[in-house]
Amino acid sequence: MAKNLLIVESPAKAKTIEKFLGADFEVKSSYGHIRDLEKDDMGIDIKKNYAPRYIIPADKQKVVKELKQLTKKSDEVWLATDEDREGEAISWHLCEVLGLDPSKTKRIVFHEITKSAIQNAVKNPRTVDMNLVDAQQARRILDRIVGFEISPVLWRKISMRNSLSAGRVQSVAVRLIAEREREINAFVSSSSFKIEAIFNAEDINKRSVNFKAEGSRRKTEEDAESFLQSCKGATYTVTDIQVKPAKKSPAAPFTTSTLQQEASRKLGYSVSKTMLLAQKLYESGNITYMRTDSVNLSDTAMQDIELHVKKQYGDKYVQQRKYKNKNESAQEAHEAIRPTYIENTTIEDADTKRLYELIWKRTIASQMSDAELEKTIAKISISTNKEELTAQGEVLKFDGFLKVYIEDKDDDDANDEGAEGMLPPLSINQTLKLNELKAIERFTRPAPRYTEASLVKKLEELGIGRPSTYAPTISTVLKRGYVEKRDKEGMLRDYRILLLKNDELKKIKEKETTGAERAKLFPTDLGLVVTDFLKEYFSDVMDYGFTAKIEEEFDEIANGKKEWTKTIDVFYKPFKADVEKTLETAERAKGERELGIDKASGKKVLARMGRYGPMVQIGEVNDDEKPRFAKLKSTQSIETITLEEAMDLFKLPRNLGKFEDEDVTVNIGRFGPFIAHDKKFYSLSKEYDPYSITLEESTPIIEEKRIAKDERTLKVFEKEKIQVLKGPYGPYIKQGLRNYKLTKEQQERAAELSIEEVKKIIEEIKANPPKKSARNKRKT
DNA sequence: CAGTGAGCGAGCTTCCGCTTGACTT
């Protein structure tokens with residue numbers, strides 16, 4: 001038995017550290033937090049000065065039991081949880097649960113998993129910092145209060161059925177998406193004309209090459225036309241040439257947030273996919289910890305990288321760099337995300353290979369020299385007017401870090417002003433041959449909708465959320481139905497070009513696609529209604545600066561300048577009053593909007609949230625006649641739907657005619673468009689439009705589904721209403737609405753199972769229901 | 001699975017931040 005028990009948060013970390021420490025140490029993991037607030041009554045005794053009631057959740061009982069046993073057997077327990085607020089709290093909870101005295105138990109910290117860092121940490125133990133623990137308790141309790149006080153208000157005032165929620169992080173995330181959508185809806189695009197000239201000159205090999213020059217200012221159509229007219233018969237002369245050196249520097253090594261952004265831009269991964277793959281890389285020992293806000297690299301890693309760059313690319317390419325975090329809220333308990341062995345330029349595993357290579361390149365590039373460029377700017381005069389054209393060229397003199405890595409940009413900071421290529425050699429007073437001069441119509445664009453990754457970037461800038469919560473936060477707002485991730489089809493738009501060629505002016509119309517977006521975040525009507533409601537009644541919590549403000553308070557608690565209960569009290573008293581006032585006074589929020597009058601009936605047409613989501617209605621409930629209702633399409637919104645679009649929605653359900661003597665009707669239901677025939681339902685795929693589908697198109701869908709069902713069915717026991725079916729996870733048993741899993745062996749002979757056997761399997765599973773993990777708990 | 005759109009008011013949901021496997025139809 002080892003004399004010392006050392007506890008860290010992550011099991012993968014425990015394994016690595018154990019190797020560094022030798023036989024005197026047994027290293028175990030707490031698997032994160034081991035206690036949490038009880039759910040009943042918020043887990044807080046408001047009247048006893050906000051005293052928290054902690055419990056050990058069911059999924060942590062096993063770990064705690066094991067740690068307790070090991071504690072008894074060990075001479076000394078060392079707490080080596082992460083060096084941040086949460087890590088400090090985990091150490092304190094461990095003391096409480098394992099019966100250790102926090103003022104005596106050895107607490108050690110390290111920011112990097114290297115032998116020297118860990119041995120050094122063991123030589124310099126301290127004790128648990130109770131101020132930091134209190135800051136964490138304040139954070140935890142405030143989040144619980146905000147979430148558990150506001151969510152029930154939403155159940156009462158908006159809807160009970162979809163378990164609505166509100167929270168310090170998620171509600172602000174939804175607000176960002178909601179406000180961006182409204183900005184886009186309100187945006188009025190304007191257009192102007194951009195001047196572009198294509199000239200011709202000789203390059204150093206005396207070959208004739210084309211290059212582009214641009215006018216300095218956008219013009220109206222009239223101005224552009226008169227400018228082009230005035231250029232007829234002009235000569236074009238180079239009046240000035242400037243050559244300037246320029247450089248580009250590599251980006252800092254990856255944090256969780258920047259990794260998510262680049263994996264999204266370069267590999268098209270969702271935030272959760274990136275984290276899943278990064279977790280795999282971490283567990284297999286290929287990269288350092290993937291949930292970090294630090295851009296720091298360990299000294300040993302920096303040395304290894306330097307050696308590798310020297311060997312691979314030569315001394316000229318090396319430049320050691322220490323990066324500083326721009327983000328004030330960073331807690332930097334870990335290193336940046338980097339390969340553990342820099343000499344592994346790639347890995348074999350197909351799933352994680354691309355992400356690994358991205359991390360490898362970014363890490364290597366971060367310690368390489370600047371790229372050196374030469375920028376050339378030539379000014380060109382026009383003999384017939386006073387305008388001036390500018391041609392820009394860029395030559396890469398030394399590639400430096402660009403040899404391995406180029407950071408991508410989001411579309412919102414993309415710069416479409418002239419992709420700069422090479423310029424032929426030019427001299428002052430040189431006359432240029434004009435190929436053509438164009439004025440191209442360009443339109444202003446609204447800010448783009450958020451992607452998962454750009455939302456994470458924004459949240460991080462605001463100091464909202466942590467590396468471990470970015471991906472779960474996005475899942476939450478999607479799951480609650482506040483936000484949807486989807487594509488938007490672009491629209492064709494005309495744009496005009498004025499072209500001057502051979503002194504002849506032509507007007508051309510061309511078409512371009514605009515507004516196409518992929519995998520963007522859209523607020524749902526529910527998200528908009530909830531956001532408006534929260535903004536009206538809980539404006540302080542919804543403020544973009546709220547987290548930053550309370551983080552200052554938490555810092556003061558951590559520095560021992562403030563008592564945590566005081567901070568909570570100052571927040572809670574007015575907040576609770578807001579909650580009560582809202583419950584008393586707030587109207588039920590429906591997001592109602594009047595669209596106009598139905599010509600046929602003369603009644604009002606309204607769009608609003610109904611019990612089952614956004615809908616339109618003709619007439620009102622108090623009218624003599626019952627109103628007619630229709631559900632909005634998934635891409636429509638209460639805020640933007642027009643009267644005409646609303647009236648189209650009432651065209652369903654449609655009766656298509658008879659098939660096998662039964663009516664075929666088409667409608668849009670809970671799960672999208674479907675055909676109903678003979679009391680059975682058939683989903684319509686995207687290629688069919690429920691408003692225009694014909695009887696002839698619908699009958700093959702019915703027939704195909706019948707065949708597919710036959711193939712899926714292995715066995716039917718009519719009398720008992722039991723079926724043996726084939727699913728994506730292999731054969732299983734279905735009785736009524738319940739499914740029963742088969743063992744591997746049973747699956748193999750699924751088609752031969754007898755009714756007795758099947759009944760026995762069902763009985764056994766009913767007697768010993770499979771355990772559902774806490775995380776996968778589902779409503780039944 | 002698929003119709004509804006209001007209201008009896010049962011019973012129940014909900015937060016953020018730390019960590020992994022167990023589980024899925």
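Residue numbering restarts at 1 for every chain, and letters A, B, ... go by the order of the sequence lines. Predicted model only: the values in this text are computed from it and were never measured.
- Here the C1' atom of nucleotide B/dT14 and the CG atom of A/Leu526 are 14 Å apart, to the nearest Å.
- Distance check on atom P: B/dT20 versus B/dT24 gives 23 Å, rounded to whole Å.
- Cation-pi geometry between A/Arg144 and A/Phe148 is satisfied (NZ or CZ under 6.0 Å from the ring centre, within 45° of the ring normal).
- Interface remark: the A/Arg139 side chain does form a donor-acceptor pair with the B/dC16 base, using a distance-only criterion of under 3.5 Å.
- Judged by a 6.0 Å distance limit and a 45° cone about the ring axis, A/Arg35 is positioned over the six-membered ring of A/Trp92.
- The distance from atom CE of A/Met275 to atom C1' of B/dT19 is 12 Å, rounded to the nearest whole Å.
- An aromatic stacking contact links A/Trp155 with the base of B/dT13, defined here by ring centres under 5.5 Å apart and ring planes under 30° from parallel.
- Summarising the geometry of A/Ile638 relative to A/Met609, their closest heavy-atom pair is CD1-N, 3.6 Å, with the distance given to 0.1 Å.
- A stacked arrangement is not assigned to A/Tyr31 and the six-membered base ring of B/dT19, the conditions of a centre distance below 5.5 Å and an interplanar angle below 30° not being jointly met.
- Both key distances under 3.5 Å define a Watson-Crick or G-U pair, and DNA chain B has no stretch of 3 or more such consecutive pairs.
- A ring-centre distance under 6.0 Å is not found for A/Tyr682 and A/Phe674.
- Judged by atom type and distance alone, A/Tyr612 reaches the base of B/dT4 through a side-chain donor-acceptor pair under 3.5 Å.
- In this structure, A/Arg654 forms no cation-pi arrangement with A/Tyr691, as its terminal cationic atom is not both closer than 6.0 Å to the ring centre and no more than 45° off the ring axis.
- Within 6.0 Å of NZ in A/Lys590 there are 12 or fewer heavy atoms belonging to other residues, nucleotides or ligands.
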